[in-house]
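Start at 1 with the first residue, then count along the sequence.
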Amino acid sequence: DAPGERDGSDGQDGALNDHAASAGAATSVAMTLGLSKSLVSTDVGGDAATDLVVGEVATFALDLTLGEGTTPSVTVTDRLPAGLAFAPGSLTVAVVTGAASFTAPIADHDPTTGLLTLDLGDVVGAGTADSTPGAPDEIVLRLTYDAVVENVAANRTGTTLSNAAEVATGSAELGGTAATPVDLTVIEPNLSADKRVVSPAGAVDAGDLVTFEVVLTSDGAATAHDVVFADPLPAGLTAAGAPVAVDQTGTPRGTFAIDAAGAIAGSGFDLAPGETLTVTYQARVDESVAPGDVFDNVADATWTSKPGDDAGERGGDDGAGGAPNDYATSAGASATTAFNAGLTKTLVSTDLGDDAATDVVGGEILTWRLDLSLTEGTTPGVVVVDAPAPGLGFVDLTGVDAPAGSIVADPTVSVDPLTGAVTFDFGDVTVAGRDDADPGAPDERIVALTYRMRVLNTADAVDGASLGNAAELSTD
């Protein structure tokens with residue numbers, strides 16, 4: 001340190017003491033920000049297919065990529081569309097690449113707008129030596145959460161539920177970025193029903209066995225779960241024998257029986273798209289049926305969008321055409337009882353010679369037989385009127401004969417004092433039924449009525465006079 005020497009105290013390019021020099025190099029901190037969204041799985045089928053049914057739960061993953069160091073005020077938002085709802089309590093956050101610290105986010109979901117906000121605060125990524133110098137390390141956070149396809153009227157087959165997520169930061173340089181949207185498509189199950197009378201081909205009567213067939217066809221885009229079948233029989237039909245239900249391969253499906261109310265009931269099965277179920281059963285026609293009765297027999301089926309008892313599923317409680325639980329269908333078939341009524345009159349005998357000769361004398365007693373041909377079952381208001389010619393008078397009723405098991409009371413007999421017409425009022429007549437040997441050709445059974453008339457000693461009963469009489473049958 002010599003007096004008068006020049007040094008560098010004035011710095012490089014200084015006024016006098018400029019004996020100084022310097023050199024430098026610049027570095028910059030890498031800036032990384034990325035966000036991607038994916039569908040991880042669903043709870044029906046367990047795969048990542050983007051076709052979902054009502055009530056199905058979709059699990060989404062948001063992969064947030066940041067650089068090492070501190071990224072300030074990180075906020076992820078995901079706007080869920082109407083019809084797709086966040087499942088509370090489903091959010092999880094994990095570091096899948098690198099190491100980082102952050103504020104555990106609380107999912108803030110606004111059900112009105114569908115906006116889901118996840119505030120991570122400042123994210124600090126731990127620095128590590130780069131494996132490749134100049135290529136900055138990245139940290140990846142994975143945010144996973146569930147969303148449910150809601151049971152609302154707007155969610156129908158073909159509805160698209162599109163949602164996109166984005167991330168914002170407190171860094172003016174980084175700003176924010178958005179993920180590519182993930183689109184879900186709503187699909188629905190559907191069943192169609194068809195019902196017919198297999199046999200007999202024509203009208204029926206009491207005692208007949210009627211065979212019904214119901215075919216359920218799964219023609220929707222998804223499986224119809226937990227199908228419930230019900231076929232309540234109308235009055236006049238009683239289930240006979242166990243129902244049989246087989247799928248398109250002939251394999252029995254579900255549990256089918258006659259329930260306590262006498263209806264055909266089935267449950268415990270699903271139908272995938274393209275599958276069918278054929279239910280066959282028989283019912284016997286009751287003896288209480290009347291001629292011309294029509295049996296409108298309707299089968300119903302309901303199903304759900306998900307298996308088991310799920311609060312979010314769509315079902316059939318609102319019935320076909322209802323909203324939104326319209327997973328229901330029905331189909332009907334009719335059978336009609338025959339109406340056949342006929343009357344035949346025969347002279348059985350006379351008390352002179354005890355034969356059926358039609359030549360009679362005054363005072364002779366004639367025994368007549370009327371054969372009422374009635375359809376099996378109950379014929380209401382059966383009345384027979386026999387109007388004899390002048391010269392014949394009613395004596396008495398001698399008998400009524402009906403098939404075993406029939407309900408036929410002796411008729412109330414009245415004689416018109418002016419015309420001599422005899423009225424036999426049976427009221428309702430129940431003729432015992434039997435299964436027809438020839439289905440579709442209803443049996444007619446005979447109720448026989450015998451009574452006596454006398455040839456009166458009047459001017460009307462003279463030699464050569466014709467004493468005709470005719471009978472007529474009527475019903476209500």
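- Side-chain contact between Leu143 and Phe60 is absent, with no heavy atoms from C-beta onward closer than 4.5 Å.
- Interatomic distance, Leu64 CG to Glu138 CD, rounded to the nearest 0.5 Å: 11.0 Å.
- Asp51 and Glu56 make their closest contact through O-OE1, 4.1 Å (heavy atoms, listed as atom of the first residue, atom of the second, distance).
- Looking at Asp122 and Thr70, their side chains never bring a donor and an acceptor atom within 3.5 Å of each other.
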**Study point:** Worked verdict on Asp63 versus Leu35 for side chain to side chain contact (heavy atoms under 4.5 Å, CB included)
**Key:** CA-CA 6 Å; Asp63 285 346; Leu35 183 67; over 6 Å; no

Check your understanding: Yes or no on side chain to side chain contact (heavy atoms under 4.5 Å, CB included) for Thr144 and Thr59, after CA distance, side-chain angles and deciding distance?
Key -> CA-CA 7 Å; Thr144 304; Thr59 299; 3.5 Å; yes

Exercise for review: Decide yes or no on side chain to side chain donor-acceptor pair (under 3.5 Å) for Thr430 and Glu287, but give the supporting numbers first.
Suggested key: CA-CA 7 Å; Thr430 299; Glu287 292 185 355; over 6 Å; no

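- From Asn155, atom CG reaches atom CG of Leu52 across 10.0 Å, with rounding to the nearest 0.5 Å.
- The backbone N or O of Asp226 lies less than 3.5 Å from a partner atom in the side chain of Asp270, making a donor-acceptor pair.
- A side-chain contact (heavy atoms from CB on, under 4.5 Å) with Val408 holds for exactly one of Leu372, Asp428, Val400, Leu374; it is Val400.
- Val279 is listed as a side-chain neighbour of Leu277, based on a closest heavy-atom distance under 4.5 Å.
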Practice item. Starting from the C-alpha separation in whole Å, work towards a yes-or-no answer on side chain to side chain donor-acceptor pair (under 3.5 Å) for Asn151 and Arg314. Key: CA-CA 6 Å; Asn151 186 16; Arg314 178 168 291 170; 2.7 Å; yes

Practice item. Assess whether salt bridge (Lys or Arg N to Asp or Glu O under 4.0 Å) is satisfied between Lys306 and Asp43, documenting all intermediate values. Key: CA-CA 9 Å; Lys306 295 184 68 177; Asp43 70 335; 2.6 Å; yes

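- Looking only at side-chain heavy atoms (C-beta outward), Pro291 and Pro380 come within less than 4.5 Å of each other.
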Check your understanding: Between Ser305 and Glu313, does a side chain to side chain donor-acceptor pair (under 3.5 Å) hold up when you go through it step by step?
Key -> CA-CA 6 Å; Ser305 58; Glu313 69 185 2; 5.2 Å; no

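- Of all the heavy atoms in Ser406 and Ala432, the pair that sits closest is OG-N, 3.0 Å.
- Going from atom OG of Ser199 over to atom CD of Glu213 covers 10.5 Å, rounded to the nearest 0.5 Å.
- Taking the side chain as every heavy atom from C-beta outward, Thr302 and Tyr327 never approach each other to under 4.5 Å.
- For the atom pair OG1 (Thr185) and CG (Leu161), the distance works out to 8.0 Å, reported to the nearest 0.5 Å.
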Expected list for residues 77-89: side-chain donor-acceptor pairs under 3.5 angstrom, two or more places apart:
residue: Asp78; atom: OD1; partner: Lys37; partner atom: NZ; Å: 3.2
residue: Asp78; atom: OD1; partner: Asn163; partner atom: ND2; Å: 3.3
residue: Asp78; atom: OD2; partner: Lys37; partner atom: NZ; Å: 2.4
residue: Asp78; atom: OD2; partner: Tyr145; partner atom: OH; Å: 2.0

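- Taking both residues in full, the closest heavy atoms of Leu191 and Asp219 are given as N-OD1, 4.0 Å, listed atom of the first, atom of the second, then distance.
- Between the side chain of Thr42 and the backbone N or O of Thr50 there is no donor-acceptor pair closer than 3.5 Å.
- Judged by distance alone, with hydrogens and angles left aside, the side-chain atoms of Thr169 form a donor-acceptor pair with the main-chain N or O of Gly175 at under 3.5 Å.
- Neither side chain, Ser218 nor Glu275, offers a donor N or O lying under 3.5 Å from an acceptor on the other.
- Distance check: Asn297 CG to Leu233 CG gives 5.5 Å after rounding to the nearest 0.5 Å.
- Here the side chains of Leu62 and Val76 are in contact, with some heavy-atom distance below 4.5 Å.
- Taking the side chain as every heavy atom from C-beta outward, Leu141 and Leu120 approach each other to under 4.5 Å.
- When side chains are defined from C-beta on, Leu39 counts as touching Leu184, because their heavy atoms get closer than 4.5 Å.
- Remark: side-chain polar atoms of Ser373 are not paired, donor with acceptor, to backbone N or O of Ile446 under 3.5 angstrom.
- Side-chain N or O atoms of Asn190 include none that pairs as donor or acceptor with a backbone N or O of Gly220 at under 3.5 Å.
- In this model, a donor atom of one side chain and an acceptor atom of the other lie less than 3.5 Å apart for Asp296 and Ser334.
- Phe424 and Tyr451 have their aromatic ring centers within a separation under 6.0 angstrom.
- The pair Asp286-Arg284 fails the salt-bridge criterion, with no side-chain N (NZ, NE, NH1 or NH2) lying under 4.0 Å from an Asp/Glu carboxylate O.
- With contacts defined as side-chain heavy-atom distances shorter than 4.5 Å, the pair Asp119/Ile106 does not qualify.
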**Study point:** Residues Asp183, Ser162; criterion side chain to side chain donor-acceptor pair (under 3.5 Å); working and verdict
**Key:** CA-CA 4 Å; Asp183 292 342; Ser162 180; 2.5 Å; yes

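- A salt bridge between Lys195 and Asp300 is absent, with no side-chain N of the basic residue lying under 4.0 Å from a carboxylate O of the acidic one.
- Nearest heavy-atom pair, Pro189 versus Trp303, reported as atom, atom and distance to 0.1 Å: O-NE1, 3.6 Å.
- For the residue pair Thr251 and Thr249, a side-chain donor N or O sits within less than 3.5 Å of a side-chain acceptor on the partner.
- Of the N and O atoms on the side chains of Thr450 and Thr398, at least one donor lies less than 3.5 Å from an acceptor on the other residue.
- Side chain of Thr103 to backbone of Gly121: no donor-acceptor contact under 3.5 angstrom is found.
- Listed here is the closest heavy atom pair of Gly55 and Asp310: O-OD1, 4.5 Å.
- Side chain of Asp293 to backbone of Ala290: a donor-acceptor contact under 3.5 angstrom is found.
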**Study point:** Audit row: Asp326, Arg156, salt bridge (Lys or Arg N to Asp or Glu O under 4.0 Å) steps and yes/no
**Key:** CA-CA 11 Å; Asp326 59 354; Arg156 291 295 174 185; 3.2 Å; yes

Exercise for review: Test side chain to side chain contact (heavy atoms under 4.5 Å, CB included) on Phe426 and Asp410 and set out the steps.
Suggested key: CA-CA 7 Å; Phe426 287 88; Asp410 285 345; over 6 Å; no

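- For Phe269 and Phe256, the ring centers are positioned less than 6.0 Å apart.
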Practice item. Could you walk me through whether Leu118 and Leu91 pass the side chain to side chain contact (heavy atoms under 4.5 Å, CB included) test, one step at a time? Key: CA-CA 9 Å; Leu118 308 173; Leu91 176 66; 3.6 Å; yes

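- The closest donor-acceptor contact from the side chain of Thr157 to the backbone of Glu188 lies under 3.5 Å.
- Separation of atoms OG (Ser36) and CZ (Arg142) is listed at 8.0 Å; rounding is to 0.5 Å.
- Contact between Ile139 and Ala100 at its shortest, heavy atoms only, is CD1-CB, 3.5 Å.
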